[in-house]
Amino acid sequence: MTPAWTTLPDLASRRLGGGVPWANDEFFAERENLIKPEPAVFQTYTFGHKGQVYDGWETRRRREPGVDQAIVRLGVAGVVRGVIVDTAFFKGNFPVEASVEARAVEGYPSAEELVATQWHTIVSRGKLAGDTENFFDVDSDRRWTHVRLTIYPDGGVARLRVHGEPIADPRLLIGSVDLAALENGGEILDASNVFYSKPTNLISPGFAAVMGDGWETARRRDDGNDWVLLRLAAEGVLTLAELDTSHFKGNAPGWASLSGCGERVDDPSAWFPLLPRTRLQPDTRHRFLLDVAQPVKHVRLDVFPDGGMARLRLTGAPTDAGRSSLLRRWFNTLPADHAMAVFDNKAIVDARPLDADQPLPHALSTLLR
């Protein structure tokens, strides 16, 4: 059975800005292949000057004791819930075992600095099968910025998927921001239909490259309509909505609407309109000013009757309560060494976790300004 955490975004994906700054060996195949968003492919009898070309990361055969490693910078920092070590097409040359460690750092360290830092195990050394998605649960409630894959003793891994919950750095969310954005902590909670592609694409960074990089539903054959429910990164007052149907030409929705509410998602009376049912055009970025002063924490996008949407952007300013909640979650999930690097105060670090009714420490409350 596929673990439930696979529905969470892949924090390491190149699509979210992930990178592979270092590997100790990549003789046969480049380390950057590990974080390609698309599945690995294979063509028989495709040889380069070093042998069969593989769509993955592959090291040379070891003739001395040791292990091979690759460091991945997460495109979006967050709490990791599960890892997939995918050995697709590696059959006689996959590693016997693997482990995964994690680290949270300030700023943008060099590859050399990352290699020298202290790492924390999130996946203990375990067996791998060849040509297989190997699933590993992660039991950690900390926010990580990097992971390190270790393979024993050598071999090839096609993809490394790091599924988890994004947690934005609130110090970077100043003024009006996209409160729906995945990288800011927005989250898709539910959708009426995910036949062609995942609604998480709606809130991913950048523009959609192709139609498949958005959210598209099956064709409806009834009188209903399709929808997506999302939780904003923080409670806020929305001022601008962008509904982007780029690449959807014969399959864009005819109309769309937006509604919002606070916490009571299951109470129909708690919802109120943000954008009335509005006509859309195919292959177009639509931008609409919103004139609703009431704060929202959840938003529902309805499309009529069905079709595809490339991106949904919801710009607004977090309320004080929303920003406080964001700060608490970020603060509570910082690993101790990262928290010390941020605050340089052991008393503040030891005060965690902060409950919702506890006042913020002064060093943290100043970030609300």
Side-chain angles (χ1 to χ4, degrees), residues 1-16 18 20 33-40 56-57 67-88 90 94-105 117-153 155-168 182-183 185-191 194 198-200 204 231 329-330 332-338 352-353:
M1 180 180 295
T2 303
W5 47 256
T6 58
T7 61
L8 297 172
D10 176 10
L11 304 180
S13 173
R14 174 70 73 183
R15 185 173 291 162
L16 299 187
V20 191
N33 291 331
L34 281 172
I35 59 170
K36 286 182 178 178
E38 64 273 9
W57 168 54
V67 297
D68 289 325
Q69 296 180 316
I71 293 176
V72 173
R73 183 190 67 250
L74 301 181
V76 177
V79 175
V80 179
R81 298 303 183 190
V83 169
I84 302 174
V85 181
D86 185 357
T87 56
F90 289 99
F94 64 93
V96 177
E97 296 173 309
S99 63
V100 180
E101 298 158 290
R103 186 72 168 96
V105 297
T117 195
Q118 180 182 356
W119 292 83
H120 307 272
T121 299
I122 60 172
V123 174
S124 299
R125 181 171 175 173
K127 296 287 186 182
L128 295 180
D131 196 24
T132 299
E133 287 185 310
N134 297 272
F135 298 95
F136 298 95
D137 295 332
V138 173
D139 183 16
S140 169
D141 60 358
R142 295 306 178 201
R143 174 187 184 270
W144 306 109
T145 61
H146 294 73
V147 297
R148 182 171 69 179
L149 171 65
T150 301
I151 57 175
Y152 305 84
V157 173
R159 299 288 188 267
L160 177 67
R161 309 297 191 197
V162 183
H163 292 274
E165 301 162 9
I167 298 182
L182 187 152
E183 61 186 340
E187 181 183 3
I188 299 293
L189 298 180
D190 200 3
V194 293
K198 296 180 180 179
T200 302
S204 294
R231 179 168 54 221
R329 189 180 186 208
W330 169 74
N332 286 340
T333 57
L334 289 177
D337 46 6
H338 189 196
R352 300 175 307 150

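- A donor-acceptor pair under 3.5 Å is formed between the side chain of Asp10 and the backbone N or O of Val162.
- Judged by distance alone, with hydrogens and angles left aside, the side-chain atoms of Ser140 form no donor-acceptor pair with the main-chain N or O of Ile122 at under 3.5 Å.
- In this structure, the side chain of Thr200 does not engage the main chain of Pro9 through any donor-acceptor pair within 3.5 Å.
- When all heavy atoms of Val147 and Leu160 are compared, the pair lying nearest together is CG2-CD2, 4.2 Å.
- Trp119 and His146 have perpendicular rings, their planes meeting at more than 60° on a 0 to 90° scale where under 30° would count as parallel.
- For the pair Thr121 and Ser99, the minimum side-chain heavy-atom distance is 4.5 Å or more.
- Residues Val157 and Leu34 have side chains in contact (heavy-atom distance under 4.5 Å, counting atoms from C-beta outward).
- Not less than 6.0 angstrom separates the ring centroid of Trp144 from the ring centroid of His338.
- A donor-acceptor pair is defined here as one N or O able to donate and one able to accept, closer than 3.5 Å; no such pair exists between the side chain of Asp190 and the backbone of Ile188.
- The backbone N or O of Gly56 lies less than 3.5 Å from a partner atom in the side chain of Asn33, making a donor-acceptor pair.
- Annotation for Lys36: atom NZ counts as buried by contact number, over 12 foreign heavy atoms lying within 6.0 Å.
- Shown here for Ile35 and Val72, the closest heavy-atom pair between the two residues is CG2-CG1, 3.9 Å.
- Thr145 places no side-chain N or O within 3.5 Å of a backbone atom of Leu74 that could act as its donor or acceptor partner.
- Results of the side-chain contact (heavy atoms from CB on, under 4.5 Å) test with Ile167 over Thr333, Asn332, Leu11 single out Thr333 as the only residue that passes.
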**Q.** Check against side chain to side chain donor-acceptor pair (under 3.5 Å), Arg103 and Thr117
**A.** CA-CA 8 Å; Arg103 186 72 168 96; Thr117 195; 2.7 Å; yes

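- Here the closest heavy-atom approach between residue Leu182 and residue Pro166 is recorded as O-CB, 3.3 Å.
- Electrostatic pairing of Arg329 and Glu165 counts as a salt bridge here, judged by a charged N lying under 4.0 Å from a carboxylate O.
- Screening Trp5, Phe136, Phe135 for a ring-ring contact (aromatic ring centres under 6.0 Å, His included) with His163, the sole residue that qualifies is Trp5.
- Panel note: side chain Arg159, backbone Glu38; a donor-acceptor pair is recorded below 3.5 Å.
- Under the 3.5 Å distance criterion, the side-chain polar atoms of Asp137 are left unmatched by any main-chain donor or acceptor of Arg81.
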